[in-house]
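Notes follow the structure.
Just the heavy atoms: all of them, side chains too, but no hydrogens, waters or symmetry mates, feed the values below. Quick caveat, the model's predicted, so the values are computed rather than measured. We number each residue from 1, following the sequence as shown.
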Amino acid sequence: MSAGHSPLAQFEIKPLYELPLLFGYDISFTNASLFMVLAAASVMLFVALGMRTLELLPGRLQSTVEMSYEFIANMIRDNVGAKGVKYFPFIFTIFMFVLACNLLGMIPYSFTVTSHIAVTFAMAGFIFIMVTLIAFIKHGTHFLAFFLPKGTPWWMAPMMYLIELFAYLARPISLSVRLAANMLAGHTMLKVIAGFVIMLGVIGGWAPLALLVVLSGFEIFIAVLQAYIFTVLTCVYLNDALNLH
């Protein structure tokens, strides 16, 4: 199989506009950069158009924007409580950006930004650092008691503390790998099945084509679900930082 027809070729990062090295790092504008810009622009356009004219009886676009707002607001109230309301803009931005990246990747010949661990880990790492800083600012050194569950016998305390600390430090890894792996696996599978459609031609390609249509619908569901999971876990981490639960 040539490199151009490899199922993994769709994830290759290609420079679209080359820039000089900055401190030895390549900062060229790539296809990944382009689709992150498109995702951010899509979200801003979606919200701006939906809230352009606020009607008492909202149209479809205004209703969709308002449902998105209520969906995230309820998610924060359920997972963080009243203390998390002031973080609504950040949580809303996270959900809409990940969702837009995932859905843009479903367009044929586009690029799935969230299939790259570098992108998802950067987002997860930022979230991890932010909630840890919030925890220290709000609770000071008392936050360190979060790693020792209440009721732990004294003789198990050192081991439990290390286990909980390790689990906490692994959060950005699990958060980023879950999203990237799901996007990578789904799009690879779609590419493989699409290859069967072309290879079998008009006569034998109907079965894999039908499967491809079904799996494409399922992959759209996965794209929405993974954006939801990424955001819910962000809310859970924020809840730990604010409430030490």
Does any non-hydrogen side-chain atom of [Y] lie less than 4.5 Å from one of [X]?
X: Asp26; Y: Leu21; value: yes
X: Leu179; Y: Asn102; value: yes
X: Ile13; Y: Phe111; value: yes
X: Thr120; Y: Met183; value: no
X: Pro7; Y: Val192; value: yes
X: Arg171; Y: Leu175; value: no

Near-ring test Tyr87/Phe90, centroid separation under 6.0 angstrom: no

Can you tell me how far [atom2] of [Y] sits from [atom1] of [X], rounded to the nearest 0.5 angstrom?
X: Asn239; Y: Leu244; atom1: CG; atom2: CG; value: 9.5 Å
X: Leu209; Y: Phe196; atom1: CG; atom2: CZ; value: 14.0 Å
X: Glu70; Y: Met75; atom1: CD; atom2: CE; value: 12.5 Å
X: Gln226; Y: Asn182; atom1: CD; atom2: CG; value: 3.5 Å
X: Thr112; Y: Leu103; atom1: OG1; atom2: CG; value: 10.5 Å
X: Met160; Y: Trp154; atom1: CE; atom2: CH2; value: 16.0 Å

Phe146 and Phe143 aromatic ring geometry - parallel, tilted or perpendicular at 30°/60° bounds: parallel

For [X], does the [atom1] atom have more than 12 heavy-atom neighbours from other residues, nucleotides or ligands under 6.0 Å away?
X: Phe218; atom1: CZ; answer: no
X: Phe88; atom1: CZ; answer: yes
X: Glu18; atom1: CD; answer: no
X: Phe46; atom1: CZ; answer: yes
X: Phe126; atom1: CZ; answer: no

Minimal non-hydrogen separation, Leu190 against Leu212, with atom names: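 Scanning both residues completely, I find the closest heavy atoms to be O-CD1, 3.6 Å.
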
Single hit among Phe128, Tyr237, Tyr161 for ring-ring contact (aromatic ring centres under 6.0 Å, His included) with Tyr168: Phe128

Indicate if [X] and [Y] have the same hydrophobic cluster label, given that clusters are the connected sets of ILVMFWY residues with side-chain heavy-atom separations under 4.5 angstrom.
X: Leu200; Y: Val214; result: no
X: Ile129; Y: Phe147; result: yes
X: Phe221; Y: Phe95; result: yes

Distance-only polar pair, side chains of Ser33 and Tyr17, donor-acceptor under 3.5 Å: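 There is no such pair between these side chains.
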
